[in-house]
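Let me begin by presenting the structure, written as structure tokens, before commenting on it.
We count residues from 1, following the sequence as given.
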Amino acid sequence: QVQLVESGGGLVQPGGSLRLSCVVPRSIFIIHSMGWYRQAPGKQRDLVAGIDIGGTTNYPDSVKGRFTISRDNAKATVYLQMNSLKPEDTAVYYCNTIPPLRIRGAPYWGQGTQVTVSS
């Protein structure tokens with residue numbers, strides 16, 4: 001059974017930091033690029049950070065310089081360090097492979113972790 005387990009979200013003031021974690025089944029982790037996605041209410045789910053098996057990272061301009069994705073191969077865990085958070089970063093954050101996993105033809109997503117940036 002596939003499970004992606006995200007954690008680390010919460011409420012933080014603008015300018016603050018959070019670190020998200022995601023435990024990934026090893027059989028999936030070792031062969032896939034991994035990413036962090038986010039979805040705000042009423043908006044589509046977007047990729048905000050990606051890391052390939054070799055450790056090369058990429059980010060959209062909206063988070064570049066503030067977010068850092070990393071992966072721990074020994075723990076099969078992917079992290080997202082988020083600094084200088086802004087209210088517009090408020091969303092549910094999900095980790096997944098790039099492209100996202102499909103199980104029996106349907107997209108699979110974990111439960112996500114809520115990040116709220118507010119004073």
Review point. How far apart are the closest heavy atoms of Arg102 and Pro107, and which atoms are they?
Key: NH1-CG, 3.6 Å
Practice item. Would you confirm whether Arg66, through its side chain, and Gln81, through its main-chain N or O, come within 3.5 Å as a donor-acceptor pair? Key: no
Exercise for review: State yes or no: do Phe29 and Tyr108 share one hydrophobic cluster built from I, L, V, M, F, W and Y residues joined by side-chain heavy-atom distances below 4.5 Å, directly or via other members?
Suggested key: yes
**Study point:** Residue pair Ser119 / Pro14: nearest heavy atoms and the distance that separates them
**Key:** N-CD, 3.7 Å
Revision key, fill the gap. Taking every heavy atom of Leu47 against every heavy atom of Gly35, the minimum-distance pair comes out as CD1-CA, 3.9 Å
Review point. So how far is it from Leu20 CG to Cys95 SG, rounded to the nearest 0.5 Å?
Key: 9.5 Å
Review point. Is Tyr79 reachable from Tyr37 through a run of hydrophobic residues whose side-chain heavy atoms are each under 4.5 Å from the next?
Key: no
Check your understanding: What is the distance from atom CG of Leu101 to atom CG of Asn96, rounded to the nearest 0.5 Å?
Key -> 4.5 Å
Exercise for review: Consider only side-chain heavy atoms of I, L, V, M, F, W and Y, link residues closer than 4.5 Å, and tell whether Leu80 and Ile98 are in one cluster.
Suggested key: no
Review point. Tell me, do Thr68 and Thr57 make a side-chain contact under 4.5 Å, heavy atoms counted?
Key: no
Review point. Are Val92 and Val117 connected in the hydrophobic side-chain network, where two residues link if heavy atoms are under 4.5 Å apart?
Key: no
Review point. What is the distance from atom SG of Cys22 to atom CE of Met34, rounded to the nearest 0.5 Å?
Key: 5.5 Å
**Study point:** Distance (rounded to the nearest 0.5 Å) between Glu88 CD and Lys43 NZ
**Key:** 8.5 Å
Point to revise | Heavy-atom check, side chain of Thr90 versus side chain of Val115, under 4.5 Å | key: no
Practice item. Give every residue pair that meets the side-chain hydrogen bond (donor to acceptor under 3.5 Å, both in side chains) criterion with at least one member in residues 11-22, sequence neighbours excluded. Key: Ser17-Asn83
**Study point:** Note, Ile28 side chain near Thr97 side chain (heavy atom, < 4.5 Å)
**Key:** yes
Review point. Closest heavy-atom contact between His32 and Arg71?
Key: O-NH1, 3.2 Å
**Study point:** Side chains of Leu11 and Ser118 in contact at under 4.5 Å (non-hydrogen atoms)
**Key:** yes
Point to revise | Contacts of type side chain to side chain donor-acceptor pair (under 3.5 Å), residue Arg38, not counting sequence neighbours | key: Asp89, Tyr93
Point to revise | Leu85 vs Leu18 side-chain heavy atoms within contact, under 4.5 Å | key: yes
Check your understanding: Any link between Trp36 and Val23 through a network of hydrophobic side chains (Ile, Leu, Val, Met, Phe, Trp, Tyr) touching at under 4.5 Å?
Key -> no
Review point. Does the side chain of Ile69 come within less than 4.5 Å of Val78's, by heavy atoms?
Key: yes
Practice item. Specify the closest pair of heavy atoms between Ala49 and Pro60, including all atoms of both residues, with the distance to one decimal. Key: N-CD, 4.5 Å
Review point. At what distance, to the nearest 0.5 angstrom, does CD of Gln3 lie from CD of Gln111?
Key: 8.5 Å
**Study point:** Side chains of Tyr94 and Arg45 in contact at under 4.5 Å (non-hydrogen atoms)
**Key:** yes
